[in-house]
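Notes follow once the structure below has been shown.
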Amino acid sequence: DHDHDHDHDHDHDHDHDAAESVTAASEDGDAFAEVFAAAQRLKAQIKAQTDALICPISQELMVDPVLACDGNSYERIEIQKWLDSHDTSPATNEPLDTKTLFENRAARQVIESIVASGEVDEDVLSAWEERKEDIARREEIMGQQVRKKFPGYGWYNGKITAMDGAKYVVEFEDGTTQNLSYEQAVRILIEPEPGSHHHIELLQAASLGSYDDGS
């Protein structure tokens, strides 16, 4: 009888341990499910935030967002290009009261936080990084010296001094100014720093025979 009671107690302990194991496994499963659900909710929230910060013109996540008077935010260079030839909103097609743009720092901070989270879709992130690189190239050109040949007048030296919308303002030594696109300005740079974006682009332009556009 004593042995029988001992076996019974042993079986009871085994059943108890098994029940505890099942309970622990169930709790672990519930915890995993909660973590997974929370991760999915976070991803959905980031996706919604990302969609809200897409430029209406480029349809890409903005790098340098600005606010227009229509209440919408746009990638700076995209809305500047639009406003060079339009007086209407690209989002609503309604006339704009002013073409003044305001830096949207709040949107920029949210975008940078979203990118830093690592939860942005790979294709969206890739396009964002490419645009950021392009903006860095455009900013690097400010203040640089240029040299341009004017037909019938010869060569004139100048300097890129400002932006007028999406165009660069170049002041030449004879007192004249000219607005040039980024591509035009790059082609007439004087000895940009070796290895810089513009030095490489100049070499590429020269190899294509388009260093001097003759205009």
Side-chain angles (χ1 to χ4, degrees), residues 45-117 120-121 123-146 148 150 156 158-189 192 197-198 201 213 215:
Q45 289 171 358
I46 290 176
K47 176 68 166 59
Q49 285 182 316
T50 301
D51 290 346
L53 294 166
I54 296 293
C55 172
I57 301 174
S58 68
Q59 292 301 305
E60 294 178 356
L61 183 63
M62 294 179 286
V63 174
D64 186 15
V66 291
L67 188 65
C69 70
D70 64 355
N72 292 294
S73 288
Y74 301 90
E75 185 68 66
R76 185 187 300 273
I77 188 64
E78 297 295 340
I79 187 63
Q80 286 175 334
K81 287 178 180 177
W82 172 272
L83 294 177
D84 279 346
S85 56
H86 297 80
D87 296 315
T88 56
S89 163
T92 66
N93 209 33
E94 295 293 322
L96 293 171
D97 294 332
T98 176
K99 291 187 176 183
T100 302
L101 302 172
F102 300 93
E103 182 180 1
N104 194 336
R105 293 181 182 177
R108 186 169 188 159
Q109 289 174 349
V110 172
I111 290 167
E112 290 175 352
S113 296
I114 290 173
V115 171
S117 74
V120 179
D121 290 342
D123 55 342
V124 174
L125 178 61
S126 177
W128 185 85
E129 289 176 338
E130 286 181 13
R131 181 170 290 276
K132 189 172 184 179
E133 180 78 5
D134 179 63
I135 289 174
R137 287 199 299 269
R138 292 175 182 275
E139 290 177 347
E140 188 182 76
I141 204 175
M142 292 297 296
Q144 292 202 43
Q145 301 291 321
V146 298
K148 187 172 177 64
F150 289 89
Y156 283 88
K159 184 177 182 180
I160 299 173
T161 59
M163 291 286 293
D164 181 12
K167 300 281 189 179
Y168 291 92
V169 179
V170 181
E171 294 185 5
F172 290 98
E173 58 191 352
D174 65 345
T176 61
T177 62
Q178 187 175 8
N179 287 6
L180 300 176
S181 69
Y182 168 72
E183 291 74 18
Q184 290 172 324
V186 165
R187 286 203 295 270
I188 63 172
L189 285 175
H197 298 297
H198 306 105
E201 290 178 13
D213 60 14
S215 60

* Could you state the interatomic distance from CG (Asp70) to CG (Leu67), rounded to the nearest 0.5 Å? -> 7.5 Å

* Asked: Would you call Arg187 and Glu183 a salt bridge, using N to O less than 4.0 angstrom?
  -> no

* **Atom of Ile141, atom of Ala185 and distance for their closest heavy-atom approach** => CD1-CB, 3.7 Å

* Asked: If only atom types and distance count, is the side chain of Asp121 paired as donor or acceptor with the main-chain N or O of Asp123 below 3.5 Å?
  -> no

* **Side-chain heavy-atom pair Leu61, Ile111 within 4.5 angstrom cut-off** => yes

* To do: Mind checking the CD1-CD1 spacing from Ile188 to Ile160? Nearest 0.5 Å is all I need.
  => 6.5 Å

* Distance in Å, Gln109 CD paired with Arg105 CZ, rounded so as to fall on 0.5 Å steps -> 8.5 Å

* Heavy atoms, side chains only, cut-off 4.5 Å: are Arg76 and Met163 in contact? -> no

* Flag, side chain of Lys99 to backbone of Asp84, donor-acceptor distance under 3.5 Å -> no

* Reported CD-to-CD distance for the pair Glu75 and Gln80, which is rounded to 0.5 angstrom -> 9.5 Å

* To do: Could you give me the CA-CA distance, side-chain angles and deciding distance for Leu83 and Leu96, then say whether side-chain contact (heavy atoms from CB on, under 4.5 Å) is met?
  => CA-CA 10 Å; Leu83 294 177; Leu96 293 171; 3.5 Å; yes

* Is Trp82 reaching over with its side chain to a backbone N or O of Ser89, donor-acceptor style, under 3.5 angstrom? -> no

* **Separation between CD1 of Ile79 and CG of Asp64, rounded to the nearest 0.5 Å** => 12.5 Å

* Minimum side-chain heavy-atom gap Arg131-Ser58 below 4.5 Å -> yes

* Test item: Asp134 and Val63 side chains (from C-beta on) under 4.5 Å apart, heavy atoms -> no

* In Å, rounded to the nearest 0.5 Å, how long is the span from CG of Asn93 to NE2 of His86? -> 8.5 Å

* Flag the pair Glu129 / Val115 as yes when at least one side-chain heavy-atom distance between them is below 4.5 Å, and no otherwise. => no

* Is the shortest heavy-atom distance from the side chain of Lys159 to the side chain of Glu171 under 4.5 Å? -> no

* Asked: Looking only at heavy atoms, what is the nearest atom pair of Tyr156 and Glu173, with distance?
  -> CA-OE2, 3.5 Å

* Structure fact -> Heavy-atom nearest pair, Pro56 first then Ser73, reads CD-O, 3.2 Å

* **Side chain proximity check, Glu78 to Glu60, heavy atoms < 4.5 angstrom** => no

* **Tyr168 vs Gln184 side-chain heavy atoms within contact, under 4.5 Å** => no

